[in-house]
There are 2 protein chains.
Amino acid sequence: MFDLDLRSRKPIYEQLIEKMKEMIIHDVLKPNEQLPSVRLLAKQLTINPNTIQKAYRELEREGYIYSIPGKGNFVANKKEAIYDEKVKQLEENILKLCQEAFYIGIKKEQIFSIVERAERAIRGGEEDDSNS
Amino acid sequence: MFDLDLRSRKPIYEQLIEKMKEMIIHDVLKPNEQLPSVRLLAKQLTINPNTIQKAYRELEREGYIYSIPGKGNFVANKKEAIYDEKVKQLEENILKLCQEAFYIGIKKEQIFSIVERAERAIRGGEEDDSNS
DNA sequence: ATAACTGTATTATATTAAATAATACGGTTG
DNA sequence: CAACCGTATTATTTAATATAATACAGTTAT
């Protein structure tokens, strides 16, 4: 379910955090759905339970999941809060990249075309559910 | 000249690489200009010469600078090649961010407005030399 | 209540990348 | 030749990541 690269230069817990964020945002993991227990997931991934715990705690700190001691970890139902946070992050990153781009002389239109290319890539690869 | 954060979680040599790339791209460091020697810069920044050397070698590998053993390290005159590479990188990064944004439902117009905000930030903070 | 799950916490250890340190060799310059 | 340069090598230190072994407490079902 959560396949990650153990030989990567990127820390395992970071990979797991990213993976789960993605799955939560993309609704692969539904709100209030129970996540695999720390110990079980550690066994499945053949990594240490503490590493899972570290990832879960960070995800909780950021509002993606919540935990009930003795019961388990669950996907947060604050989808909107997460979404807003994500949008804010994306805005910051895009803003930063654009500033850098403008700084070295790239024109606004050039960026627009990149944005449109990105849109086509998305629209081509997957359909919008809102009017299907 | 190269002020960097020694207490950062980011490796010093990476910070130095980024800093110098920026200065080279923005023409603060002119083509064929001699860079401070490995030993001198290390003394100035109170860090180890090997760390400078590591940064310089990476910058050379990427074509930003060239070195003449016994003489010194110099800014590459392949500005265009560097620029093209930088543009390509930016395009990739922007594309990636946009795809992620679209994926969670952000509209194209929303991104356009971010781009325009970035442009205003740049145009406001510094003037364009091309018609001054 | 007790066994078998859960999350949480703590401490110690191992592993790895980043950074330091100490040298050495050879080219360049004056 | 002295004083710079870049380069290379090896050993060591440091800090983050990951592992390991436990322990404690809440939950659930029997």
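Just so you know, these numbers use all the heavy atoms, side chains as well, and skip hydrogens, waters and symmetry mates. If you're wondering where the values come from, they're calculated on a predicted model, not measured in any experiment.
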Please step through side chain to side chain contact (heavy atoms under 4.5 Å, CB included) for the pair B/Q53 and B/Y13, ending with a clear verdict.
-> CA-CA 9 Å; B/Q53 174 69 358; B/Y13 77 96; over 6 Å; no

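Side-chain proximity of B/N48 to the nucleotides D/dC24, C/dA24, C/dT20 is greatest for C/dT20. Here the side chain of A/I12 is nearest to one of D/dT19, C/dT20, D/dC24, namely D/dT19.
Between B/N50 and B/K54, the residue whose closest nucleotide on DNA chain C is further toward the 5' end is B/K54. Mapping A/Y13 and B/N73 onto DNA chain D via the closest heavy atom, the residue that lands nearer the 5' end is B/N73. Each of B/G70 and A/I47 has a nearest nucleotide on DNA chain D; the 5'-most of these lies closest to B/G70.
With respect to A/R61 and A/E58, a salt bridge is recorded, a charged nitrogen being found less than 4.0 Å from a carboxylate O.
Side-chain N or O atoms of A/E33 include one that pairs as donor or acceptor with a backbone N or O of A/K30 at under 3.5 Å. Under a 3.5 Å cut-off, the side chain of B/E60 and the backbone N or O of B/S67 do form a donor-acceptor pair. Of the possible polar contacts, one joining the B/S113 side chain to the B/Q110 backbone as a donor-acceptor pair under 3.5 Å is found.
Atom CD1 of A/I52 is separated from atom P of D/dT17 by 16 Å (rounded to the nearest Å). Distance, B/D5 CG to C/dA19 P: 12 Å, rounded to whole Å. As rounded to whole Å, 14 Å separates atom P of C/dT8 from atom CD of A/E58. Atom CZ in A/R39 sits roughly 14 Å away from atom P in D/dA21 (whole-Å rounding). The separation between A/Q15 atom CD and D/dT17 atom P is 13 Å, rounded to whole Å. Regarding A/Q34, its CD atom lies at a distance of 12 Å from the C1' atom of D/dT28, rounded to whole Å. Regarding B/E60, its CD atom lies at a distance of 14 Å from the C1' atom of D/dA8, rounded to whole Å. One atom, CD of A/Q53, and another, C1' of C/dT10, lie 12 Å apart when rounded to the nearest Å.
When the side-chain nitrogen and oxygen atoms of A/R57 are compared with OP1 and OP2 of C/dG7, none of them lie within a distance under 4.0 Å. OP1 and OP2 of C/dT6 both lie 4.0 Å or more from every side-chain N or O belonging to A/S67. Side-chain N/O atoms of B/K71 include one lying less than 4.0 angstrom from OP1 or OP2 on C/dT29. Proximity of A/T51 to the phosphate of D/dT19: a side-chain N or O atom is located under 4.0 Å from OP1 or OP2.
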